[in-house]
2 protein chains.
Amino acid sequence: MKELAQRLKEKNLKVTPQRLAIFQMLSKTEEHPSAETIYKSLETTHPTMSLATVYKTLDALKKVHLIQELNVGEDCFRYDANTNSHPHIVCISCHEVYDMDSIDLDDVRSKIQKETNFQLVDERLYFYGICPKCQNNKYPPA
Amino acid sequence: MKELAQRLKEKNLKVTPQRLAIFQMLSKTEEHPSAETIYKSLETTHPTMSLATVYKTLDALKKVHLIQELNVGEDCFRYDANTNSHPHIVCISCHEVYDMDSIDLDDVRSKIQKETNFQLVDERLYFYGICPKCQNNKYPPA
DNA sequence: ATAAATGCAAAACCTTTGCACGCCT
DNA sequence: AGGCGTGCAAAGGTTTTGCATTTAT
């Protein structure tokens, strides 16, 4: 945990128990939780923490690029502590979101850069489909 | 316009002036307007149309794949009558959203398919950067 | 000591819903 | 005629904001 505290300090963010808890939770999870989900998952260990603090913390972490915000097409945002640029793949049946770390996008990026003359700074790539688990499930959720 | 009416009919959607107006507006614009923007742009020609109708119409069009819904990371959705799968590029300075029709993504898709064993059905690719116009502008908006 | 972060409640905002009326087919 | 679509207003849900109090440095 010392490491996370260090990373907060480097960004001139005060190290509070709430921030540590949120950042740590996001760093450890494989999911890509929403603010609400983060709030609920911490309510036993941090019963006094408010939802507003979760939002404010996520905003602070986002601004210094310690986390990234995702929008998969739902009514709320999700958050990811993996700030390396990587596509996400979403199962439209069970709504799980997976990281796709090993896709090389340099060709695509340079093509886009050439065609648009944009100065590229960021990207969000979402793929949608049915995960192997749900393909084999005759009664998938929703 | 006959063409648009035809496309609505084929999807078993009743052809109403409101739906035509919204679909036509979306088909002609280069922007990727939000529901609010669509509503405002039609308020002179269709003063009685309500925002709820705009939302309901967009939902209906989306469900039959006559339009697609985008989320660029803002607090609201944007809509695009170009339903061919294509990446979008967003200027983080002026907030314009441009279509990128000519990027070939077959390699990326097949790689993702192989790695995940997902049955792919859709995708949303957003790139962010500074557009050529804003690169030359010393006083860009926001 | 000082500035920043928290927690609470209220507000803001986008989007959805219910229902009566009207229009399309 | 019948059902679907519209418009209005109210509700719903997520996110933001203001402010007093507490906390980190």
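A note on names: the letters A, B, ... follow the listed sequences, proteins ahead of strands, and every chain is numbered from 1.
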Discussion item. Taking the nucleotide of DNA chain C with the nearest heavy atom to each, does A/Lys14 or B/Asp59 sit closer to the 5' end?
Written reply: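 The residue closer to the strand's 5' end, by nearest nucleotide, is A/Lys14.
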Atom-to-atom span, [atom1] of [X] to [atom2] of [N] - whole angstrom:
{"X": "B/Lys11", "N": "D/dC4", "atom1": "NZ", "atom2": "P", "value": "19 Å"}
{"X": "B/Tyr79", "N": "C/dC14", "atom1": "OH", "atom2": "P", "value": "12 Å"}
{"X": "A/Glu69", "N": "D/dT14", "atom1": "CD", "atom2": "P", "value": "15 Å"}
{"X": "B/Glu10", "N": "C/dT25", "atom1": "CD", "atom2": "P", "value": "15 Å"}
{"X": "B/Asp75", "N": "D/dT14", "atom1": "CG", "atom2": "C1'", "value": "11 Å"}
{"X": "A/Asn12", "N": "D/dT25", "atom1": "CG", "atom2": "P", "value": "11 Å"}
{"X": "B/Arg78", "N": "C/dT15", "atom1": "CZ", "atom2": "P", "value": "12 Å"}
{"X": "B/Tyr39", "N": "C/dC14", "atom1": "OH", "atom2": "C1'", "value": "14 Å"}

For [X] and [Y], test the side chains for any donor-to-acceptor distance below 3.5 angstrom and give the result as yes or no.
{"X": "B/Glu123", "Y": "B/Ser85", "value": "yes"}
{"X": "A/Glu115", "Y": "B/Ser102", "value": "yes"}
{"X": "B/Asp99", "Y": "B/Asn84", "value": "no"}

Under 4.0 Å between a side-chain N or O of B/Gln18 and OP1 or OP2 of D/dG7?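 Yes, B/Gln18 has a side-chain N/O under 4.0 Å of OP1/OP2 on D/dG7.
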For this session: Using only side-chain N and O atoms of A/Thr16, determine if any of them is under 4.0 Å from OP1 or OP2 of C/dA4.
Result: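 It does not, given that no N or O in the side chain of A/Thr16 lies less than 4.0 Å from OP1 or OP2 of C/dA4.
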For DNA chain D, what residues of residues 41-56 of chain B have any heavy atom nearer than 4.0 Å?
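Within this stretch, B/Thr48, B/Met49, B/Ser50, B/Ala52, B/Thr53, B/Lys56 sit under 4.0 Å of the strand.
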Practice problem: Specify the angle, to 10°, made by the local axes at the two ends of the helix from C/dA1-D/dT25 to C/dT25-D/dA1 when five pairs are taken at each end. | Solution: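 Nearest ten degrees gives 40° for this helix.
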If you define the side chain from C-beta out and look only at heavy atoms, does anything of [X] sit under 4.5 Å from [Y]?
{"X": "B/Leu120", "Y": "A/Phe127", "answer": "yes"}
{"X": "B/Leu66", "Y": "B/Leu8", "answer": "yes"}
{"X": "A/Arg7", "Y": "A/Leu13", "answer": "no"}

message = Under 4.0 Å between a side-chain nitrogen and a carboxylate oxygen: does that hold for B/Asp59 and B/Lys63?
response =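 Answer for the salt bridge query: yes.
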Salt-bridge contact A/Asp106-A/Arg109 (side-chain N to carboxylate O under 4.0 Å):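 A salt bridge is present here (some side-chain N lies under 4.0 Å from a carboxylate O).
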**Message:** What's the closest nucleotide to the side chain of A/Cys76 if the choices are D/dT14, C/dT15, D/dT25?
**Reply:**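 Among D/dT14, C/dT15, D/dT25, the one nearest the side chain of A/Cys76 is D/dT14.
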Q. Nearest nucleotide by nearest heavy atom, which residue falls closer to the 5' end of DNA chain D, A/Ser34 or B/Arg19?
A.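 Looking at the nearest nucleotide for each, B/Arg19 comes out on the 5' side.
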| Residue pair B/Tyr79 / B/Glu69: nearest heavy atoms and the distance that separates them |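 That closest heavy-atom pairing would be OH-OE2, 3.1 Å.
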